[in-house]
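Every value quoted in this text rests on a predicted model; they were computed, and no experiment measured them. Lettering of chains follows the sequences in order, A, B, ..., and the numbering in each one begins at 1.
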There are 2 protein chains.
Amino acid sequence: MAVTDEAITKIKDMIISGELCAGDRLPPEKELSEKLGLSRSSLREAVKALEIIRVLDVRRGDGTYVTSLEPKLLTEAMTFIVDLHQDESILDIFEVRRILEPAAAAIAATRITPEQIASLRATMETIDDATSVEALVEHDLIFHQLITSAADNSYLASVLDALSSSTVRARIWRGLTQEKAVDRTLAEHTAIIEALERGDADLAKSLLTVHISAVEYWLRQAL
Amino acid sequence: MAVTDEAITKIKDMIISGELCAGDRLPPEKELSEKLGLSRSSLREAVKALEIIRVLDVRRGDGTYVTSLEPKLLTEAMTFIVDLHQDESILDIFEVRRILEPAAAAIAATRITPEQIASLRATMETIDDATSVEALVEHDLIFHQLITSAADNSYLASVLDALSSSTVRARIWRGLTQEKAVDRTLAEHTAIIEALERGDADLAKSLLTVHISAVEYWLRQAL
DNA sequence: ACTAAACAAACATCAGACCATTACACTGGC
DNA sequence: GCCAGTGTAATGGTCTGATGTTTGTTTAGT
């Protein structure tokens with residue numbers, strides 16, 4: 001194995017073993033490179049790789065730290081990869097969403113707070129007939145994120161957020177606008193909010209299944 | 001933005017725009033670094049980061065290539081991150097698995113081939129009373145992977161594989177062995193195979209829910 | 001006590017050298 | 001003509017050392 005990959009493994013092991021904890025600061029690059037037995041250049045490659053997947057946080061002029069390692073950090077790394085897979089595979093991604101999002105809504109229905117309901121309603125009010133596609137995408141993003149976060153499971157939220165990255169969303173809403181299907185989609189959002197408010201897990205789940213399937217059906221035709 | 005991060009973005013954009021396709025070879029490091037306007041060292045950091053998340057494949061003495069970008073490559077990158085999140089958060093991970101795996105089994109029940117059924121049976125026959133924990137983990141890994149792959153959705157398989165990384169599995173089987181719960185777990189595996197063979201999606205789904213919930217219950221007590 | 005300048009520590013970047021591996025073309029033998 | 005072995009060029013892997021930039025801390029002055 002290359003020295004850089006060894007260094008990646010060693011740093012990872014230091015975190016798994018507990019030698020390094022969330023928030024801890026790593027030794028300076030020079031010192032760490034000597035300890036691990038490689039040059040500073042090679043160590044920097046390892047650190048950069050761990051920074052991209054949000055394991056390390058490098059602060060210039062200060063030092064390098066282990067991130068909080070919260071599940072939400074998984075999103076960024078996953079989104080990066082999902083963004084690159086956008087053609088045929090989009091239907092597979094939707095199949096996973098159609099499993100996860102209704103389940104998330106059902107959980108959310110039992111746990112959602114009045115404040116979260118209010119936030120959902122607020123996102124609806126930012127929309128009218130003149131709203132741009134970009135604003136619709138933004139609304140959609142927040143709407144679905146509010147539901148997944150109401151399910152109170154960071155992993156669930158992270159995976160779902162990554163699977164519905166904004167580049168994918170943008171393409172879909174552009175299509176929905178052309179098909180004049182925006183009204184129907186927004187009406188579905190309203191119905192979902194009402195089901196969540198009544199705590200009707202079963203209805204919320206079914207509504208989400210219908211909601212996602214509708215988009216999936218449109219996509220299947222468009223491709 | 002730092003030059004290295006710029007380089008990462010530029011390379012990513014080259015892939016999204018189609019300037020670089022799966023399997024394509026990048027220009028040599030020296031040439032690419034001049035084209036992007038940064039030193040070879042800094043470019044190498046960018047390349048290393050993209051290699052870790054399986055976007056690039058670097059072959060020493062040959063060149064650097066864009067990977068196939070298949071969804072299964074998502075697994076490795078995700079596993080790397082999930083491996084680092086192993087304490088309290090394990091229950092959240094199980095909640096996601098309990099949603100996805102029964103759904104995957106239901107889909108698998110309608111699509112599974114006789115060959116895949118035979119492979120599942122074969123994994124059962126490698127096990128007896130004297131089997132070591134390591135071998136049990138290996139069996140479990142293959143068993144669940146066969147089911148997710150029978151669902152014929154690479155994204156579903158990737159996400160599930162990542163969420164049930166082998167480090168997590170190892171801990172659990174060690175616990176099951178101590179609790180003498182190995183027999184019951186293996187019996188559940190057998191029942192799942194039979195449901196899949198009969199194409200009974202509903203039963204397969206329920207069996208998976210029970211199967212995962214049992215482990216989840218044990219975990220909740222153990223923590 | 002407060003402020004601002006100086007300092008030190010740490011990461012950012014670069015240039016250039018040399019090593020190790022691989023692919024490929026060439027050559028000789030069959 | 002075909003194949004195996006060989007050599008070479010191309011390419012990534014690694015190291016060293018220097019310099020720039022940013023940040024946090026200390027210190028001198030008010």
For A:Tyr217, is the NZ or CZ atom of A:Arg220 found under 6.0 angstrom from the centre of its six-membered ring and inside 45 degrees of the ring axis?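 Pair A:Arg220/A:Tyr217 does not count as cation-pi.
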
If you look at every strand shown and take non-hydrogen atoms under 4.0 Å, does [X] touch a base, only sugar-phosphate, or nothing?
X	value
B:Arg44	base
B:Val47	nothing
B:Arg40	base
B:Ser41	base

Please give, in whole Å, the distance from [N] [atom2] to [X] [atom1]?
X	N	atom1	atom2	value
B:Arg59	D:dA10	CZ	C1'	15 Å
B:Arg60	D:dA9	CZ	C1'	16 Å
B:Glu45	D:dT14	CD	P	13 Å
A:Leu43	D:dT16	CG	C1'	15 Å
A:Glu29	D:dC15	CD	P	14 Å
B:Lys48	D:dG12	NZ	C1'	11 Å
A:Asp57	C:dA10	CG	P	16 Å

Taking only side-chain nitrogens and oxygens of B:Ser42, does any of them come within less than 4.0 Å of OP1 or OP2 of C:dA12?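 For C:dA12, neither OP1 nor OP2 has a side-chain N or O of B:Ser42 closer than 4.0 Å.
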
With B:Asp5 via salt bridge (charged side-chain N to carboxylate O under 4.0 Å, His left out) - residues at least two apart: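 If we apply the salt bridge (charged side-chain N to carboxylate O under 4.0 Å, His left out) test to B:Asp5, skipping adjacent residues, the hits are A:Lys48.
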
Taking the nucleotide of DNA chain C with the closest heavy atom to each, which residue, A:Pro28 or B:Ser39, is nearer the 5' end?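 Closest to the 5' end, via its nearest nucleotide, is A:Pro28.
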
Between C:dA12, D:dT23, C:dT22, spot the one nearest the side chain of B:Asp62, thanks.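 Of C:dA12, D:dT23, C:dT22, C:dT22 is nearest to the side chain of B:Asp62.
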
So, applying side chain to side chain donor-acceptor pair (under 3.5 Å) with A:His211, which one of A:Glu101, A:His189, A:Arg98, A:Glu216 is it?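 It is A:His189; the other options fail the test.
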
Using only heavy-atom distances, decide whether a donor-acceptor pair under 3.5 angstrom links the side-chain of A:Thr4 to the base of D:dT14.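 No such pair is found, so the answer is no.
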
So, does B:Asp92 use its side chain to make a donor-acceptor pair with the main chain of A:Asn153 at under 3.5 Å?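 The answer is no, because no donor-acceptor pair under 3.5 Å joins these two groups.
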
Do side-chain atoms of A:Arg25 reach the backbone of A:Asp62 as a donor and acceptor pair under 3.5 angstrom?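 Yes: the side chain of A:Arg25 pairs with the backbone of A:Asp62.
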
